[in-house]
2 protein chains.
Amino acid sequence: MNARRKFRREGEERRRQDLIDATLDSVAEHGLQGATVRTIALRAGVTAGLIRHYFPGKEDLLQEAYAALMGRMTEQAKAALVMEDASPRQRLAAFVTANLNAPIIDQRVFSLWATFLGRAGADPTLARAHREGYLGFRNEVEAVVAEVLAAERRKPDAAELRRHAIAINAIIDGLWIEGCLAGEMFSPGELAAIGIKAIEAELGLAPEKQFQEK
Amino acid sequence: MNARRKFRREGEERRRQDLIDATLDSVAEHGLQGATVRTIALRAGVTAGLIRHYFPGKEDLLQEAYAALMGRMTEQAKAALVMEDASPRQRLAAFVTANLNAPIIDQRVFSLWATFLGRAGADPTLARAHREGYLGFRNEVEAVVAEVLAAERRKPDAAELRRHAIAINAIIDGLWIEGCLAGEMFSPGELAAIGIKAIEAELGLAPEKQFQEK
DNA sequence: GGCGTTGTTGTGCAAGTGTATAAATAGCCT
DNA sequence: AGGCTATTTATACACTTGCACAACAACGCC
């Protein structure tokens with residue numbers, strides 16, 4: 001009687017990923033305080049003790065989960081930049097559009113972002129991880145902005161470029177937050193349209209002419 | 001022996017405020033998970049049992065603490081708008097400047113904001129509280145923008161006004177976050193200057209002429 | 001001053017926490 | 001098929017958590 005639970009042995013990488021995913025799910029749903037080893041294990045379909053077999057402690061699991069989250073976010077964000085045969089301005093517009101629509105506009109991701117960042121003030125590790133991600137993102141923005149202005153025959157100095165990047169980054173971040181927190185207040189594509197307009201104004205570009213037909 | 005601890009009876013309102021402040025301090029420093037009744041009580045200079053005398057439960061204390069935080073934030077933010085004998089444009093600039101400098105740019109406040117907002121996805125009460133604060137803020141922005149444009153003899157329709165308010169709100173929010181998380185990366189006043197420029201571009205205003213002398 | 005009210009303390013408790021560790025078994029190698 | 005080994009389960013433990021409750025003492029009132 002009292003049969004022991006059946007189980008399967010998964011590959012190490014698979015198990016670690018499952019545990020990390022389960023951790024992110026738990027944090028997104030119930031916050032850091034709700035992410036207990038038992039909750040996480042239950043979600044991952046294993047028992048609590050197994051966590052200690054793959055991670056030195058719960059804290060390490062949380063750290064790795066945050067790193068994984070950041071990695072996915074920046075990866076998705078930057079993916080919109082790799083477009084061939086497109087003008088710099090089109091690439092910038094596509095970048096903004098991608099960042100202000102699903103799946104990057106997502107309440108769950110926002111919850112995770114906010115929850116972890118709330119501890120950045122106290123946890124230097126988290127703070128540094130965020131800073132690196134932020135600077136990487138801003139540098140991408142700055143590079144595209146430089147291309148856009150170059151295509152317009154304009155030659156901004158480094159300080160001006162930096163200011164543009166900071167402002168544009170703020171516009172995207174701010175609209176991203178609004179979309180995540182109150183997405184249903186905006187019609188589809190509205191945030192992206194607002195963002196593109198604001199960014200074009202910031203860069204002093206003439207409103208884009210619509211050339212839908214080939 | 002084992003003398004019982006001396007204590008003083010404080011007024012009810014005072015004690016409640018102290019407990020709320022201690023709660024916010026605890027959350028800012030160690031996150032929601034670090035805000036235990038014992039930690040909070042220790043910080044407030046009382047023993048844990050007293051919390052239950054003023055609040056039905058820990059959850060209620062957290063709710064009231066969040067409400068208090070939001071109240072202080074929006075109050076401070078709006079305070080910069082009450083300027084007499086100032087042009088709409090000056091008031092807008094003062095508003096932006098106030099929101100992008102201390103004490104509104106503050107890592108502790110950001111930690112609290114992020115920590116609580118991380119649970120907004122799961123807790124409808126928090127979500128609604130945030131939404132109200134956000135809409136209130138945006139309406140203030142929209143009102144000032146309307147004044148600024150009116151002073152320029154421009155008559156935008158409601159939709160255009162809404163878009164401007166959304167974009168400007170995003171700019172302020174985005175720069176606020178950057179300042180809170182990495183304040184030392186910016187020189188004093190730099191964020192405000194960037195914000196004002198971006199907002200003027202968004203509104204299509206000619207760069208402001210400096211008229212320092214009376 | 002004595003006395004009652006009630007703000008405040010201290011203690012206790014059941015549930016839940018992360019971690020340690022022994023027992024079991026799934027899957028591979030021969 | 002049989003044994004080895006490392007993955008996985010299960011149990012135990014010390015500690016923390018929110019909450020309940022009884023004892024106590026500070027303060028107002030007469």
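Quick note on labels: first sequence line is chain A, next is B, and so on, each numbered from 1. Everything numeric here is computed off the predicted structure, so don't read it as measured data.
OP1 or OP2 of dA20(C) sits under 4.0 Å from a side-chain N or O of Arg52(A). Put simply, Tyr54(B) has a side-chain N or O that comes within less than 4.0 Å of OP1 or OP2 on dT8(C). Note on Arg15(A): a side-chain N or O is less than 4.0 Å away from OP1 or OP2 of dT8(D).
Between the CG atom of Leu42(A) and the P atom of dT17(C) there is a distance of 12 Å, given to the nearest Å. Taking atom CZ of residue Phe7(B) and atom C1' of nucleotide dA26(D), one finds them 5 Å apart after rounding to whole Å. The separation between Arg8(B) atom CZ and dT9(C) atom P is 12 Å, rounded to whole Å. Regarding Leu32(B), its CG atom lies at a distance of 17 Å from the C1' atom of dT16(D), rounded to whole Å. Rounded to whole angstrom, the span from the CZ atom of Arg4(B) across to the C1' atom of dA25(D) amounts to 8 Å. What separates CZ of Arg16(B) from P of dG7(C) is a distance of 12 Å, to the nearest Å. The distance between atom CZ of Arg14(A) and atom C1' of dT7(D), rounded to the nearest whole Å, is 15 Å. Rounded to whole angstrom, the span from the NZ atom of Lys6(B) across to the P atom of dG7(C) amounts to 20 Å.
Of the residues near DNA chain C, Gly34(A) and Gly49(A), the one whose nearest nucleotide (by heavy atom distance) lies more toward the 5' end is Gly34(A). Mapped onto DNA chain D by nearest heavy atom, Pro56(B) and Arg5(B) fall at different nucleotides, with Pro56(B) at the one closer to the 5' end. Nucleotides of DNA chain D nearest to Val37(B) and Val46(A) differ in position, and the one nearer the 5' end is that of Val46(A).
Using a 4.0 Å heavy-atom cutoff across all strands shown, Glu12(A) reaches no nucleic acid atom at all.
Counting only distance, with no hydrogens or angles, the side chain of Thr39(A) and the backbone of Ala35(A) share no donor-acceptor pair below 3.5 Å. With Glu64(A) contributing its side chain and Ile20(A) its backbone, the two residues share no donor-acceptor pair below 3.5 Å.
The Lys58(A) side chain lies nearest to dT19(C) when the options are dG18(D), dT25(C), dT19(C). Among the nucleotides dT7(D), dG18(C), dG10(C), the one closest to the side chain of His53(A) is dT7(D). Closest to the Leu50(B) side chain, of the nucleotides dT8(C), dT25(C), dA20(C), is dT8(C). The side chain of Thr47(A) sits closest to dA10(D) out of dG18(D), dT9(C), dA10(D). Looking at the side chain of Arg9(B), the nearest of the listed nucleotides dT8(C), dT19(C), dC19(D) is dT8(C). Comparing dT9(C), dT17(C), dT17(D) by their nearest atom to the side chain of Arg38(A) picks out dT17(C).
Here the rule is side-chain contact (heavy atoms from CB on, under 4.5 Å) with Phe55(B), and of Leu62(B), Leu50(B), Leu19(B) only Leu19(B) fits it.
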Inset, instruction - Walk me through it: do Ile166(A) and Arg138(A) pass the test side-chain contact (heavy atoms from CB on, under 4.5 Å)? - result: CA-CA 7 Å; Ile166(A) 293 172; Arg138(A) 203 178 85 187; 3.7 Å; yes
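The closest side-chain heavy-atom distance from Leu203(B) to Ile199(B) is below 4.5 Å.
Taking a cutoff of 4.0 Å between a charged side-chain nitrogen and a carboxylate oxygen, Arg72(A) and Asp21(A) qualify as a salt bridge.
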